[in-house]
Amino acid sequence: MILKIIDSKNPILRKKSVIVKKIDKKIKKLIADMQSTLAAQSDPEGIGLAAPQVGKNLKIFVIRHDELERVVVNPKIIKLGKPHSAKATRGKKEILEGCLSIPHYYGHLKRPSKITIEYLNALNKKVTESFSGFPAQIVQHEIDHLDGVLFIDHIIKEKKPLYKIVGEEYEEVEI
Ligand code: CO
């Protein structure tokens, strides 16, 4: 079932999500629906979806990016790399970040390039996994959702520009 993705004005996106006590039939159905919902997004395409985005304040997110497909339940950050210093990122391209709950808006964020998390997968198995590069950015974006944080919060805090895609062009917009 394709679920409705709520937008950034919905207060559900600002609540902290709670731990999933048991991966039962209901949770399995929610995970399957989140995977179908993520796969169905085409404008814009999605690479990650967190449960609050479909109206459920539960610690679950799914990722689908090239070969990387993950179901993450109850993630805990074990290790987080240092945020890039201005020096380290000089000359390097920061990755544009967007969100299905704020469609067509993008901004450059400096997030740590490595993260290690502990979580339960869809089979209720405990996994410890490290992500680096773009996948690390996706994981941090999704964990933020579970804490009620949106990428625009970082954009505002870091006084970074926000862009909107208009046709095929990026236009800077006022926040
Ligand atoms: Co998002």
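Remember, it's 1-based here, ligands and their atoms both numbered in the order they're listed. The chain is numbered in sequence order, starting from 1. From a predicted model like this one, the values you see are computed outputs, not experimental measurements.
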Practice task
Give a yes or no on whether a salt bridge exists between Arg111 and Asp144, defined as a side-chain N under 4.0 angstrom from a carboxylate O.
Solution key: yes
Handout entry: Asp153/Lys157 ion pair, N-O < 4.0 Å
Key = no
Completion exercise
For residues 114-126, the side chain to side chain donor-acceptor pair (under 3.5 Å) pairs (sequence neighbours left out) are Thr116-Ser130, Tyr119-Glu129
Practice task
Would you list the pairs meeting side chain to side chain donor-acceptor pair (under 3.5 Å) in which at least one residue belongs to residues 55-64, sequence neighbours left out?
Solution key: none
Practice task
Evaluate the criterion side-chain hydrogen bond (donor to acceptor under 3.5 Å, both in side chains) for residue pair Glu97 and His141; output intermediate values, then yes/no.
Solution key: CA-CA 9 Å; Glu97 191 161 322; His141 178 111; 2.8 Å; yes
Practice task
Scan for side chain to side chain donor-acceptor pair (under 3.5 Å) pairs involving residues 165-175, sequence neighbours excluded, and state none if there are none.
Solution key: none
Exercise for the section: Mind listing the protein N/O/S atoms less than 2.8 Å away from the Co ion (ligand 1)? Waters don't count. Expected result: Cys99 SG, His141 NE2, His145 NE2
